[in-house]
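Heads up, the thing below is written out as structure tokens.
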There are 2 protein chains.
Amino acid sequence: MSALAHPARRQILLTLHFRGGEATAGEIAERFEHAWPTTTRHLHVLAEAGLLQQEKRGRTRVYTLDRKRLALITEWLAWFDR
Amino acid sequence: MSALAHPARRQILLTLHFRGGEATAGEIAERFEHAWPTTTRHLHVLAEAGLLQQEKRGRTRVYTLDRKRLALITEWLAWFDR
DNA sequence: ATAAAATTTAGCAGATCGGCTAAATAACAC
DNA sequence: GTGTTATTTAGCCGATCTGCTAAATTTTAT
């Protein structure tokens with residue numbers, strides 16, 4: 001859950017969502033003012049948390065949103081509705 | 001959202017929930033192996049994030065869970081269901 | 001007035017975070 | 001094979017996090 005702690009990372013997730021769940025590292029990075037390596041690191045944190053999957057496609061890398069993983073968080077929050 | 005990043009803080013929220021949304025600092029702290037001041041700090045972080053309210057009652061302090069604030073997070077996550 | 005109980009505040013120390021630049025890697029184009 | 005494009009890796013550095021102990025604060029009890 002600490003993967004969601006940083007605004008840039010939440011923005012990455014939303015960006016991916018509204019692009020149909022997939023985007024290349026470049027497409028994502030260009031939306032931020034951060035230097036590329038900074039975004040690369042955020043992507044890595046998200047992938048480490050299982051929220052993103054990485055796929056090497058030619059010389060680009062495509063990141064895919066894992067909505068199931070996000071759903072786990074929603075489920076955790078649902079404890080408070082009982 | 002970074003207030004939820006630490007496991008101890010999530011545990012505090014659940015503890016409060018299952019006690020009806022209210023508990024004293026002591027009741028919460030005794031559930032953790034952490035030193036008291038450590039738990040005090042976690043409580044403060046949660047209060048700062050608006051997830052808890054603090055009320056001085058005699059020589060104890062009662063913390064109350066703010067479920068509305070938690071609901072905001074659920075709402076954010078709901079973006080991914082569209 | 002003094003002591004005990006409940007809790008916070010202060011402040012130190014090591015770990016992690018998050019930005020950066022510079023250099024490395026991998027795939028494609030000529 | 002040389003260069004260009006896309007992206008990551010390495011590593012520095014200041015800021016924030018999280019644990020601790022010791023001391024302060026506030027209320028209740030004697």
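We name chains A, B, ... by the order of the sequence lines, and we start the count at 1 in each one.
In the set D/dT26, D/dG19, C/dA27, D/dT26 carries the atom at the smallest distance from any side-chain atom of B/Lys56. Comparing atom distances between the A/Arg59 side chain and each of C/dC20, C/dA27, D/dT7 picks out C/dA27 as nearest. When the nucleotides C/dA10, C/dG18, D/dT8 are ranked by their closest atom to the side chain of A/Ala25, D/dT8 comes out on top. In this structure, of D/dT18, C/dT7, D/dA22, it is D/dT18 that holds the atom nearest to the side chain of B/Arg41.
Ion pairing between a basic and an acidic side chain is recognised when a charged N comes within 4.0 Å of a carboxylate O; A/Glu27 and A/Arg19 show such pairing.
Regarding contacts with the backbone of C/dA6, every side-chain N or O of B/Tyr63 stays at 4.0 angstrom or more from both OP1 and OP2. For D/dT9, neither phosphate oxygen OP1 nor OP2 lies less than 4.0 angstrom from any side-chain nitrogen or oxygen of A/His44. Checking the phosphate oxygens (OP1, OP2) of C/dT7, no side-chain nitrogen or oxygen of B/Gln54 falls inside 4.0 Å. Taking side-chain N and O atoms only, B/Thr38 has a distance below 4.0 Å to OP1 or OP2 of D/dC20.
Straight-line distance from the CG atom of B/Leu46 to the C1' atom of C/dT8: 16 Å, rounded to whole Å. Rounding to whole angstrom units, CD of residue B/Glu33 and P of D/dT21 are separated by 13 Å. Rounded to whole Å, the distance from CH2 on A/Trp36 to P on D/dA10 is 18 Å. We find that CD of A/Glu30 is positioned 14 Å from C1' of D/dT5, with the value rounded to whole Å. Nucleotide D/dT16 holds its C1' atom 14 Å from the CD atom of B/Glu48, rounded to whole Å. In this structure, the CG atom of A/Leu43 is 11 Å from the P atom of D/dT9, given to the nearest Å. Rounding to whole angstrom units, CZ of residue B/Arg61 and P of D/dT28 are separated by 12 Å. If you take CG of A/Leu4 and C1' of C/dG18, they are 17 Å apart, rounded to a whole angstrom.
The aromatic rings of B/Trp76 and B/Phe80 stand perpendicular to each other, their planes meeting at an angle above 60°, with 30° marking the opposite boundary. Between A/His6 and A/His34, the angle of the ring planes goes over 60°, which puts this pair in the perpendicular group of the 30/60° scheme.
Listed for the B/Arg69 side chain is a donor-acceptor partner under 3.5 Å among the backbone atoms of B/Ala49. A distance-only check finds no donor-acceptor pair linking the side chain of B/His42 to the backbone of B/Ile12 [under 3.5 Å]. With A/Arg10 contributing its side chain and A/Leu4 its backbone, the two residues share a donor-acceptor pair below 3.5 Å.
Nearest-nucleotide mapping onto DNA chain C: of A/Ala5 and A/Pro37, the residue sitting toward the 5' end is A/Ala5. Toward the 5′ end of DNA chain C lies the nearest nucleotide of B/Thr40, the other residue of the pair B/Thr40 and A/His6 mapping further downstream.
Across B/Thr15, B/Leu52, B/Leu46, a single residue satisfies side chain to side chain contact (heavy atoms under 4.5 Å, CB included) together with B/Leu65, and that is B/Leu52.
At a threshold of 4.0 angstrom between heavy atoms, the contacts of B/Arg9 are confined to the sugar-phosphate backbone, with no base atom among them.
Proximity of B/Val45 to B/Arg9: side-chain heavy atoms (C-beta onward) are separated by under 4.5 Å at one or more points.
Proximity of residues 13-24 of chain B to DNA chain C (heavy atom under 4.0 angstrom from any strand atom) is restricted to B/Thr24.
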